[in-house]
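For ligands, and for the atoms within them, numbers begin at 1 and follow the listed sequence. Quantities reported herein were computed from a predicted structural model and do not represent experimental measurements.
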Amino acid sequence: MSRKKTPKSKGASTPAASTLPTANGARPARSGTALSGPDAPPNGPLQPGRPSLGGGVDFYDVAFKVMLVGDSGVGKTCLLVRFKDGAFLAGTFISTVGIDFRNKVLDVDGVKVKLQMWDTAGQERFRSVTHAYYRDAHALLLLYDVTNKASFDNIQAWLTEIHEYAQHDVALMLLGNKTLCLGQVDSAHERVVKREDGEKLAKEYGLPFMETSAKTGLNVDLAFTAIAKELKQRSMKAPSEPRFRLHDYVKREGRGASCCRP
Ligand SMILES: Nc1nc2c(ncn2[C@@H]2O[C@H](COP(=O)(O)OP(=O)(O)OP(=O)(O)O)[C@@H](O)[C@H]2O)c(=O)[nH]1
Ligand SMILES: [Mg+2]
């Protein structure tokens, strides 16, 4: 199988400058990559072999675009940083502006799978920016915050948007973030969305579901690995290979309410 080169991912510490306006009185903004910015992710098929911004190259066999969506503050950026760098962005909440992206190459059953992960801004005023990116996404991680009921109630609206703008066969997963095992939350805030509510909603829409924590790392690697496995198999499944079942995998591997029990 041929090996391809990909630009090294952007580090969390070197965000691109934003070219989008900031509304008065809005939260401080973590500069993402605006649609027209010089470092904007290619809005179209991935282009292997583009010169690296940092001069380095990674090697991969297949590449996919994964987009994180959900209300502002649910933890999209933190989830991505936790997965990419293994760190948690604590402290002041800095909202993403426009769209940002990071790359990571995973080894999935001996195949190098590159995920180009797009971190979208949850704020309403950037919606037209993110709409433009849905079409090319192979997978979507749809997040809500278990300590924020509105973010859960908005999931249906997000699904309507996804239905309108994304590919009909996009791989989709629902994640309830800011969760600690044993049904607790990992923050000082109270849980207001029960795990069962998340499960029920996911079942209603036929989505794989997990609770995650960008703070502790709960199920974070699993969410991205599961998506990578699904996409890899969709694109290069050998006839003899058993079909990968995303729902079953996530159910089986996800650490949930019982993970802390002795
Ligand atoms: N306790 C806890 N806090 C989290 C977690 N994930 C994110 N946060 C906090 O929640 C706030 C928002 O996190 P972000 O990742 O910036 O949220 P976002 O979804 O990217 O928000 P936008 O960029 O505005 O769309 C920050 O203060 C984070 O520290 C988590 O898993 N647990
Ligand atoms: Mg963000």
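Partners of A139 under the side chain to side chain contact (heavy atoms under 4.5 Å, CB included) rule, at least two apart in sequence or in another chain, are V66, A171, I227, L231. Shown here are the salt bridge (Lys or Arg N to Asp or Glu O under 4.0 Å) partners of D221, two or more places apart in sequence or in another chain: there are none.
Considering backbone and side-chain N/O of T92, none are found under 3.5 Å from N/O of ligand 1. Backbone and side-chain nitrogen or oxygen atoms of A90 are examined, and none is located within less than 3.5 angstrom of a nitrogen or oxygen of ligand 1. Among the atoms of G70, none of the N or O lies under 3.5 angstrom from an N or O of ligand 1. An N or O contact shorter than 3.5 Å links G73 to ligand 1 by distance. Residue D119 places no N or O, backbone or side chain, under 3.5 Å from any N or O of ligand 1. Between A214 and ligand 1, an N or O atom pair is found at a separation short of 3.5 Å.
Contacts between S213 and ligand 1 below 4.0 angstrom, taking non-hydrogen atoms only, involve backbone and side chain alike.
Nearest to atom 30 (C) of ligand 1 by heavy atom, out of K76, R82, K178, Q123, is K178.
When only modelled atom types and interatomic distance are considered, Q167 and H138 share no side-chain donor-acceptor pair under 3.5 Å. Judged by distance alone, the side chains of D145 and S151 never bring a donor and an acceptor atom under 3.5 Å apart.
Listed by atom number, the atoms of ligand 1 under 4.0 Å from S95 heavy atoms are 22 (P), 23 (O), 24 (O). Ligand-side atoms of ligand 1 in range of L89: 28 (C), 29 (O), range being under 4.0 angstrom from any heavy atom. Remark: ligand 1 atoms within the under-4.0 Å shell around heavy atoms of D71 are 19 (O). Close approach of ligand 1 to N177 is summarised as follows: ligand atoms under 4.0 Å from at least one heavy atom of the residue are 5 (C), 6 (N), 30 (C), 31 (O). Residue-ligand proximity, K215 to ligand 1, at heavy-atom distances under 4.0 Å covers atoms 1 (N), 30 (C), 31 (O), 32 (N). The contact set between ligand 1 and G122, taken as ligand atoms under 4.0 Å from a residue heavy atom, comprises 22 (P), 25 (O). Close contacts of ligand 1 with T96, meaning ligand atoms under 4.0 Å from a residue heavy atom, involve 22 (P), 23 (O), 24 (O).
Not a single heavy atom of L80 lies less than 4.0 angstrom from ligand 1. At least one heavy atom of G91 sits less than 4.0 Å from an atom of ligand 1.
With F83 as the aromatic partner, K104 meets the cation-pi criteria of under 6.0 angstrom to the ring centre and within 45 degrees of the ring axis.
The Mg ion (ligand 2) has an N, O or S atom of T96 closer than 2.8 Å. The Mg ion (ligand 2) has no N, O or S atom of S72 under 2.8 Å away, backbone or side chain.
In this structure, W118 and Y133 have perpendicular ring planes: the angle between them is above 60°, well past the 30° mark. Note on ring orientation: taking the six-membered ring where Trp is involved, the planes of Y144 and F152 are perpendicular (angle over 60°, cut-offs 30° and 60°).
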**OP:** Could you check K229 against E253 for salt bridge (charged side-chain N to carboxylate O under 4.0 Å, His left out), going step by step and ending with a plain yes or no?
**Re:** CA-CA 13 Å; K229 277 178 178 281; E253 302 291 324; over 6 Å; no
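Atom CD of Q116 is separated from atom CZ of R102 by 12.5 Å, given to the nearest 0.5 angstrom.
In terms of modelled atom types and a separation under 3.5 Å, the side chain of D61 and the main chain of V111 share no donor-acceptor contact. Between the side chain of T120 and the backbone N or O of L68 there is at least one donor-acceptor pair closer than 3.5 Å.
Ionic pairing of E196 and K200 is not present here: no N-O contact between side-chain nitrogen and carboxylate oxygen is shorter than 4.0 angstrom.
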